[in-house]
Amino acid sequence: MTHYKELGLVNSRELFQKAMKGGYAIPAFNFNNLEQLQAIIGACVETKSPVILQVSSGARKYANQSLLKHLAHGAVDYAKELGYAIPIVLHLDHGDTFELCKSCIEFGFSSVMIDGSHHSYENNVALTKQVVAYAHEHDVTVEGELGVLAGIEDEVSSEVSHYTKPEEVEDFVKKTGVDSLAISIGTSHGANKFKPDQCTRSEDGVLIPPPLRFDILTEVEKRIPGFPIVLHGASSVPIELVKIINANGGKLKDAVGIPEEQLRMASASAVCKINIDSDGRLAMTAAIRKTLTDNPGEFDPRKYLAPARDQLKALYSHKIINVLGSADKA
Ligand code: G3H
Ligand code: 13P
Ligand code: ZN
């Protein structure tokens, strides 16, 4: 067993308390490799933002759990080397079983999500409660989920969304003892968050998605005042990145995300954690495609991964400063 404190990591409890009081959200960026991690830490140190490093079960399979653990440990030293020791949380994204959450806790994660949202309400409560009991023995924080996000690009999502029922949140939080709650108010995973027929089109043909259900968020806040809320599926799918990808051989059709001004509004509310993965994937892919189009003879991975890392770092800094409001909060 490695306890996360031995790795220099923190859990999310105090970060969420501060975010709630300060009206901002902590960035939760997914990572699978070295370049993503370098970009995340670089951006967070430069902007002095706390950060949640997220590892999905797909990331764990892709990168290997031991390597990820040591990368996160290394990130703590890397931040100091860059000049500022920001608080770093290592979080399991969309854990789906007790065993997976337990294994991550034993491996040095400081926070886990147990996503029981696909189960019946009763089974979600029972599973979440079991994870909380084990996690809290180790001072690890737990995120639960109520409501189902739609999404078509990953293993953890459903074709259709089911909004969170505000009348369930109080009972869920009380029965399970979770530290934060992910809710469904119209966000979804991936780069095609809405079907074109759910959107309107601007004069220049850009898809405009339906607004998030802030009425549900407000109702949730009324029922569990001061309780940290999490938004998944919060990439904004920048049209400039989609255009670069498509101009350089990509074929992303009808990509659409959540407008940043709505995420800014959410960050000022009880939303304390905002999950962003797809925008990072788009930034990296855009830079790699463009670099290879402009330099077809290039075959040194560092020559296309370095610009990808720069683009990623710029994207993360932008999110921290202009969307989440977590700059200078570390
Ligand atoms: O919510 C899902 C995250 O974007 C992780 O995606 O399962 O493809 O690693 P993944
Ligand atoms: P996006 O696909 O919108 O980036 O959402 C990521 C996420 O919710 C990770 O859990
Ligand atoms: Zn998610």
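Note that ligands are numbered from 1 as they come in the structure, with each ligand's atoms numbered from 1 the same way. As a basis for the values below, the full set of heavy atoms in this structure was taken, side chains included, without hydrogen atoms, waters or symmetry mates. The structure displayed is predicted, hence computed values, not measured ones.
- One finds the CD atom of Glu145 at 9.0 Å from the CZ atom of Phe172 (value rounded to the nearest 0.5 Å).
- Counting the atoms of ligand 2 from 1 in the order shown, those under 4.0 Å from a heavy atom of His94 are 10 (O).
- Taking a cutoff of 4.0 Å between a charged side-chain nitrogen and a carboxylate oxygen, Glu260 and Lys319 qualify as a salt bridge.
- Between the OG atom of Ser110 and the CG atom of Asp139 there is a distance of 9.5 Å, given to the nearest 0.5 Å.
- In the vicinity of Ile276, heavy-atom distances shorter than 4.0 Å reach the ligand 2 atoms 4 (O).
- For the pair His3 (side chain) and Lys5 (backbone), a donor-acceptor distance under 3.5 Å is present.
- Those atoms of ligand 2 that come under 4.0 Å of a heavy atom in Ser235, given as number and element, are 1 (P), 3 (O), 4 (O).
- Ligand 2 lies within reach of Lys193, whose nearest heavy atom is under 4.0 Å from it.
- Clustering of Ile, Leu, Val, Met, Phe, Trp and Tyr by side-chain heavy atoms under 4.5 Å joins Phe16 with Val10, Leu15, Tyr24, Ile26, Ile52, Val89.
- Atom 1 (P) of ligand 2 has its nearest heavy-atom neighbour, among Ala182, Ser188, Ser278, Ala28, in Ser278.
- No side-chain donor-acceptor contact under 3.5 Å links Lys193 to the backbone of Gly257.
- The ring pair (Phe, Tyr, Trp, His ring centres under 6.0 Å) analysis of residues 41-91, with sequence neighbours excluded, yields no pairs.
- With a heavy-atom cut-off of 4.0 Å, Asn275 does not touch ligand 1 at all.
- Shown in contact with Asn30 at under 4.0 Å from a heavy atom are these atoms of ligand 1, numbered in order with element: 3 (C), 5 (C).
- Taking the Zn ion (ligand 3) as reference, His232 places its N/O/S atom ND1 nearest.
- In this structure, the side chain of Thr164 engages the main chain of Ser184 through a donor-acceptor pair within 3.5 Å.
- The distance from ligand 1 to the heavy atoms of Asp277 drops below 4.0 Å at these ligand atoms: 3 (C), 4 (O), 5 (C), 6 (O).
- Of the charged side-chain nitrogens involved, none lies within less than 4.0 Å of a carboxylate oxygen, so that Lys195 and Asp197 do not count as a salt-bridged pair.
- Applying the 4.0 Å criterion to heavy atoms of Asn30 picks out, from ligand 2, the atoms 9 (C).
- Between His189 and His94, the ring-plane angle classifies as perpendicular under the 30° and 60° cut-offs.
- Heavy-atom neighbours of Lys290 NZ from other residues, nucleotides or ligands within 6.0 Å: at or below the threshold of 12.
- Per residue His94, closest N, O or S atom to the Zn ion (ligand 3): atom name NE2.
- Within the 4.0 Å heavy-atom criterion, neither part of Ser56 lies near ligand 2.
- Numbered from 1 in the order shown, with element, the atoms of ligand 2 that lie under 4.0 Å from a heavy atom of His232 read 8 (O), 10 (O).
- Looking at Asp279 next to ligand 2, no N or O pair under 3.5 Å apart turns up.
- The contact set between ligand 2 and His189, taken as ligand atoms under 4.0 Å from a residue heavy atom, comprises 2 (O), 5 (O), 6 (C), 7 (C), 8 (O), 10 (O).
- Looking at His232, His94, His189, Arg281, it is Arg281 that brings a heavy atom closest to atom 8 (O) of ligand 1.
- At a heavy-atom cutoff of 4.0 Å, ligand 1 is contacted by the side chain of Asp93 but not by its backbone.
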